Structures are given as structure tokens and as C-alpha cells.
Amino acid sequence: MSAPLPEPVVECNEIQGDILAGFRKDHVRLIFITVADAAIPAFKVWLRSLADKIAYADVVLDFNAAFSTARRRLQTDPPMQATWLNVAITGKGAQRLLPQEQWAQLESTFLDGPLADAKTVGEPEEGLPEGPQTWLIGAKGNEPDAMLIIAADALADVDAAVQLHSKTLAQLSNSASDVSLHIEEGKTRASLPGHEHFGFKDGISQPGVRGRVGTDMGPFVTRRVLDPADPLSTRFAAPGQPLCWPGEFVLGYERKREASIDWKDTVTDPSTSLTRNGSYLVYRKLRQDVPAFLSAAKMMAEQLGENPSFGPRSAEFAAAALVGRWPSGAPLARSVLSDDIPLGKDSFASNNFFYSKASRAPKYQPELGLPPDQFPQASVDGFGNICPFAAHIRKVNPRDQPTADQGSSERTLEHRILRRGIPYGDDYDPALPQSASVDRGLQFLCYQSSITRGFQFLMNQWANSEQFPLGRGHDIVIGQNGNEPRHVTMRAPNNSEVTVNFPVRFVKTTGAAYLFSPSRTALINHFGV
Ligand code: N7H
């Protein structure tokens, strides 16, 4: 049994709830707010008044834990509902609301905003088709100052909250044009809850956050399920969920020292009352072209099938190879040639795998009563013969495998993000031709303590690169590569390779914002004065 390590105390009553807990609601509204100079003083007063209305991490963590316990007991969703509110400020907003000596404390990638970062993260250049000038949010002259996140279990509740806040905001100034709002919607897919529009289960793999809520006797920020007798229990909250230092996501806490290959070697960035307990939030409205994805998977399957090393492969296999998981969420690593629905349903087993070593059944804490992991375990796949190197989930999280650019796999922990996205738009229905052109996709949201180390790195250094983290092509799901073609090289069990080219992108950015999610103190003492 390994000795437990001291856990940082995390001030969850100061940190906004979506960051560390995640709202996990079926209905989300994002209200983008742009404020004219004349309305700034009233807007600040309003921001300050939000401090008592915001759902902080302590409350949301408690709710989520109670909900999960009740669901396990009742075997169905318990009748527990809530409506949560969070707020975040853009780089433009911060520069308008704060004196320079304050906003200068914030990260430059955030302050410069997504437009300045568009080329680095692979967007088509300004002026070219689908370039940033087409964005609904964040295009030149259309950059908001702030964003509200409203999330609720019930549609009526989310709508009521939107009405309430829109009305208050409209009353901040005498002139109706002084505060303008743009509202975006997110909703769980009714036909396939928990799945995104390409049909894959999402939200399975998240980093764990080391630390305790509020005091050194408080509950863990991330629930721990491994028995202390399991050798991985000091490093993982659950199978496949490594414990990261809280400073990877929230400012003012220890994080792993950059470039260090010792996960215990930490650094705490200097913080101020403005930055402490805050986090950077990346928003992207990502439109998904489902028919284009399905036909690309079909084309890929045909090309693989023509090669005797692969033999007949279904379009479902090709799509799973691009993602790294099957639609149920079962990872290719543990279910090589077809989906395994019971494995996909087991949220712990479906994330229990490595790439460069085999997985094994974990030892869960017996009092949790979790079913043992009896599914076929993952084999060693260090050369990508099972899960392609370019599969989306292997690109953005190579797990235990050393990478060609960073070296030790410990360095991957510097680039983890907390994903909080939710689908938008109606389902694609192949029986209805007009359904193909409906706007649908993902309201992508992710939190990190540095956009440069988080989202920007993942896009620029890994997803858009044919070489990194391990080579053999681009991340075909999210990689952008401007408007240039992308490719993926698949390696068969006998090591022969087939390269498939993808002339079109199926995920396109139609809106973007880089935001800062301030602490309660920062909202009251900085943004609200
Ligand atoms: Fe991805 N998809 O449906 O293919 N993603 N993603 N993502 N994503 C994941 O493991 C998807 C996007 C990450 O730890 C799953 O939880 C789609 C962006 C990370 O093993 C699926 C879009 C970025 C992980 C998808 C999209 C990321 C991850 C498997 C856009 C960051 C965890 C579910 C429309 C730059 C990987 C799961 C791990 C998982 C899909 C966007 C990052 C199914 C369709 C922009 C870090």
C-alpha cells in the first residue's frame, strides 16, 4: 500500500462551479454580452451583484455527488433539479473593465483573443472561405465583453433564467443599443443522451483534480474509486483518470513544473486577488457536418478494404478508428474490431486503458460496490496497430505513451483540459434530405490555467500536426490545418500501412471566445468596481 500524499486544499467556495465540478445539465444557454462605453459603470454594478447568484464549485460538487448517489440507489435519474449560473469575461472585456496594471496580470493569449490566435490553431486565414470573418461570435468588430453560462435540468428553468438576466441587462442603460446580447443554445441529444452528433458517447475521459474541498478534512475534489491497495491509487482517481494538480486548471495552486518528468515536482505561479481561483475558458462553436463525416468514413473503409492487410472493414470501424472509441464509448484499445456496448456502458472500464502498456482489472474500494472489470483488457499498442496514432482521443491525450515532441508521458499532464461542451442543434436524420444542412454541432467549452499550454497547444502542436504527438497524420475529427488537405496513416496488424486523404473538414469553427472565469473575490473586488 502506498503512503497517501498531502492534498492541496482547494477554495471551492471561490471557484465557479462549471470549472471543477461541471454543470452536467441537459439545457445550456450561453449569453454573449457586448456593452457600450456608456453602460460600463452599470454593467460593473451588475457583475458585482452576480457574486451571490453564481453557483460555486462547493455547491455544484455537493449536488453532483448527491445526484450520483441517488441515481445509483434508484437505478434512474432522481427528481433533483437545479439551475446554475456562471460568468466569464473576454480579453477585450477585461481590458475595458480593469485598470491596465490589473489586466496585465492575465495571460497574453487570453488578452489577445481567438482572432489573433486563429492562424496558430489552424483556422483558415482571415478573408479565405470559412475564415474568422464568418464567425457569428468573435469576428472582427463582433467580440463580446462577457458571457453568462446558464445550465438547468428543465427547459422551462433555463428559459426563465435567460429571460430574467436578459431583462436585467436590457435595463442597465437608457439606450436599448448599449447592451447587446447574442444567445447560444446547447442541449443533450434527446435520442442519444450523452452522445455528440457524429454518434459517439462523449464526456468519458476527464483529468482528475488532486485536492480536497475547503479544508484538509474536506471531500476530494474528484471522487476516488481505487482501493489504496491498488498500486495506481496514488496517481489515479479512477482507471484512466490521472490526478492532476489543481494548478493545471485553476490559477494560484501548484501544478507540475513545466518540462519536469517528475509529477511530484510542482510550481505555484504567483497569483493576485484578481487571478487566484480563476480559470481560462475557451469557447468554440463547432459545426459538425454529419453526412460528410459518414461519407468520409465510408470512403476510408473502402480504401482499407482494398488492402489485403486490412481486409473488409466497415464504415463504423473507420469512424471508430478516427475517434479511438466506438459509438458506445468502448475504446478501440479494448474492443478491437467491433463495438462492445456493455463495455461502453461501464464508465470506469471504458476508460481503463493505456497505450504503451496492457491494462488490468483495477481494485475498486469494496464499499462502492462497483462491478468488477471483466471485459477483455487492452493489449500493448505502442505502435498504433490497434488504436491509430492519429485517432482523436490518442492525439489529444496520448496517456502513458512518451511523445515525439515532449518526451516523457508525464509531460502530457501539462496539457490536460477540463471539457464542458454540450451538443447544439437537431439530430441528423438520413431519411430527411433537408436535415443535412441543419446547423448542428458542439458548443465546445474547456477550462485550463493557461490557454497556451491547454487548448492552443492541443490544436497547434498535436491535432493539426502530422508528426506529433506520435506521427501518422492529422486529427481528422478536430484538426484544421487551414483549408489544406489532411491525412491519416493506418497501420495493420502485420505493420503494413495505408494512408487515407481527407479533402474536406467535418468540424468547422463558427464562433470563438477566450474568457476568464473569475473567483468570487475577483468579481466583487476587481470586475465589479
Ligand atoms: Fe474531443 N468526437 O465525437 O469525436 N472527443 N471532440 N475535443 N476530446 C472525445 O473520451 C469530439 C474537441 C478532447 O482523455 C471523445 O470523453 C468532437 C476539441 C479530449 O482519452 C469524443 C469534437 C478538443 C478528449 C470526441 C471534439 C477536444 C476528447 C471521446 C468537435 C481540444 C479526451 C469521449 C466537434 C482541443 C481524450 C471521451 C482522452 C474526447 C469527439 C472537439 C479534446 C467522441 C466531435 C476542440 C482531451
Side-chain angles (χ1 to χ4, degrees), residues 22 114 117 120-123 186 189 192 194-208 236 238-242 244 248-249 282-290 292-294 296-297 319-334 344 347 350-355 378 387 390-401 409 412-413 415-425 428 439-448 451 453-465 469 475-480 505-512:
D117 211 22
T120 308
V121 299
E123 298 290 348
R189 291 182 59 193
L192 216 48
H195 292 62
E196 52 67 60
H197 280 290
F198 293 150
F200 292 84
K201 192 171 196 180
D202 204 354
I204 306 163
S205 177
Q206 296 279 10
F236 288 80
Q241 187 180 34
C244 296
E248 307 293 354
F249 311 106
V282 169
Y283 165 73
R284 274 186 132 71
K285 184 170 188 182
L286 297 175
R287 182 176 177 143
Q288 292 176 251
D289 185 341
V290 181
F293 176 77
L294 298 177
L322 293 179
V323 174
R325 290 189 185 271
W326 295 93
S328 74
L332 249 73
R334 294 191 64 174
S347 58
S350 61
N351 205 31
N352 178 22
F353 62 96
F354 297 104
Y355 295 117
C387 179
H392 172 53
I393 65 162
R394 198 163 182 172
K395 273 287 208 186
V396 288
N397 180 13
R399 297 192 178 219
D400 64 317
Q401 185 149 17
S409 62
T412 294
L413 299 176
H415 308 296
R416 299 306 308 276
I417 51 175
L418 290 166
R419 291 174 299 132
R420 304 295 184 219
I422 183 163
Y424 74 89
Y428 170 61
D439 184 15
R440 61 174 68 81
L442 189 68
Q443 302 284 13
F444 176 83
L445 298 158
C446 75
Y447 292 94
Q448 56 255 285
I451 296 174
R453 277 194 308 272
F455 176 79
Q456 187 201 60
F457 176 93
L458 292 177
M459 292 303 301
N460 171 52
Q461 181 72 13
W462 285 354
N464 294 336
S465 159
D475 180 331
I476 300 299
V477 179
I478 61 163
Q480 308 193 92
R505 293 182 299 147
F506 343 103
V507 172
K508 293 171 188 167
T509 306
T510 60

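Start at 1 and go down the list; that is how both ligands and their atoms are numbered. Keep in mind that this is a model prediction, so the values were computed, not measured. Keep in mind that the numbers below use all heavy atoms, side chains included, and drop hydrogens, waters and symmetry copies.
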Smallest separation among heavy atoms of [X] and [Y], with atom names:
X: Gln241; Y: Pro207; answer: NE2-O, 3.6 Å
X: Pro114; Y: Arg284; answer: CB-NH1, 4.3 Å
X: Asn464; Y: Gln480; answer: OD1-N, 2.6 Å
X: Phe506; Y: Ala296; answer: CE2-CB, 3.5 Å

Provide, to 0.1 Å, the distance between [atom] and the closest protein heavy atom, together with that atom's residue and name.
atom: atom 26 (C) of ligand 1; value: Ile478 CG2, 3.4 Å
atom: atom 17 (C) of ligand 1; value: Val477 CG1, 3.9 Å
atom: atom 21 (C) of ligand 1; value: Asp202 OD1, 3.8 Å
atom: atom 46 (C) of ligand 1; value: Val396 CG2, 3.6 Å
atom: atom 14 (O) of ligand 1; value: Ser205 OG, 2.5 Å
atom: atom 31 (C) of ligand 1; value: Phe444 CZ, 3.7 Å

Is Gln288 close to ligand 1, meaning an N/O of one under 3.5 Å from an N/O of the other?
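No, no N or O pair falls under 3.5 Å.
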Is Ile204 close to ligand 1, meaning an N/O of one under 3.5 Å from an N/O of the other?
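Between Ile204 and ligand 1, an N or O pair is found under 3.5 Å apart.
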Classify the contact between [X] and ligand 1 as side chain, backbone, both or neither, using a heavy-atom distance cut-off of under 4.0 Å.
X: Leu286; result: side chain
X: Arg399; result: side chain
X: Arg394; result: neither

Would you check if Cys387 and Arg334 make a side-chain contact, meaning some heavy-atom pair closer than 4.5 Å?
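A side-chain contact is absent here, since even the closest heavy-atom pair is not under 4.5 Å.
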If you apply the rule side chain to side chain contact (heavy atoms under 4.5 Å, CB included), what do you find for Leu332 with Trp326, and how did you get there?
CA-CA 7 Å; Leu332 249 73; Trp326 295 93; 3.6 Å; yes
Report the member of [options] with the shortest heavy-atom distance to [atom].
atom: atom 7 (N) of ligand 1; options: His392, Arg419, Arg287, Glu196; value: His392
atom: atom 10 (O) of ligand 1; options: Arg325, Gln241, His197, Lys201; value: Arg325
atom: atom 43 (C) of ligand 1; options: Phe200, Phe353, Trp462; value: Phe200

Side chain to side chain contact (heavy atoms under 4.5 Å, CB included) between Val507 and His197, intermediate numbers included:
CA-CA 11 Å; Val507 172; His197 280 290; over 6 Å; no
Which of the numbered atoms in ligand 1 are below 4.0 angstrom from a heavy atom of [X]?
X: Phe455; value: 35 (C)
X: Met459; value: 35 (C)
X: Val323; value: 4 (O), 43 (C)
X: Arg416; value: 14 (O)

Evaluate side chain to side chain contact (heavy atoms under 4.5 Å, CB included) for Val290 paired with Phe198, printing each intermediate quantity in order.
CA-CA 6 Å; Val290 181; Phe198 293 150; 4.1 Å; yes
Does Gly203 reach ligand 1, in the sense of a heavy atom lying below 4.0 Å from it?
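Distance cut 4.0 Å: Gly203 passes for ligand 1.
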Do the side chain of [X] and the main chain of [Y] share a donor and acceptor less than 3.5 angstrom apart?
X: Gln448; Y: Phe455; value: yes
X: Arg394; Y: Pro469; value: no
X: Lys395; Y: Trp462; value: yes

Do Arg399 and Phe353 meet the cation-pi criteria used here (NZ or CZ under 6.0 Å from the six-membered ring centre, within 45° of the axis)?
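Output yes; distance and angle both within limits.
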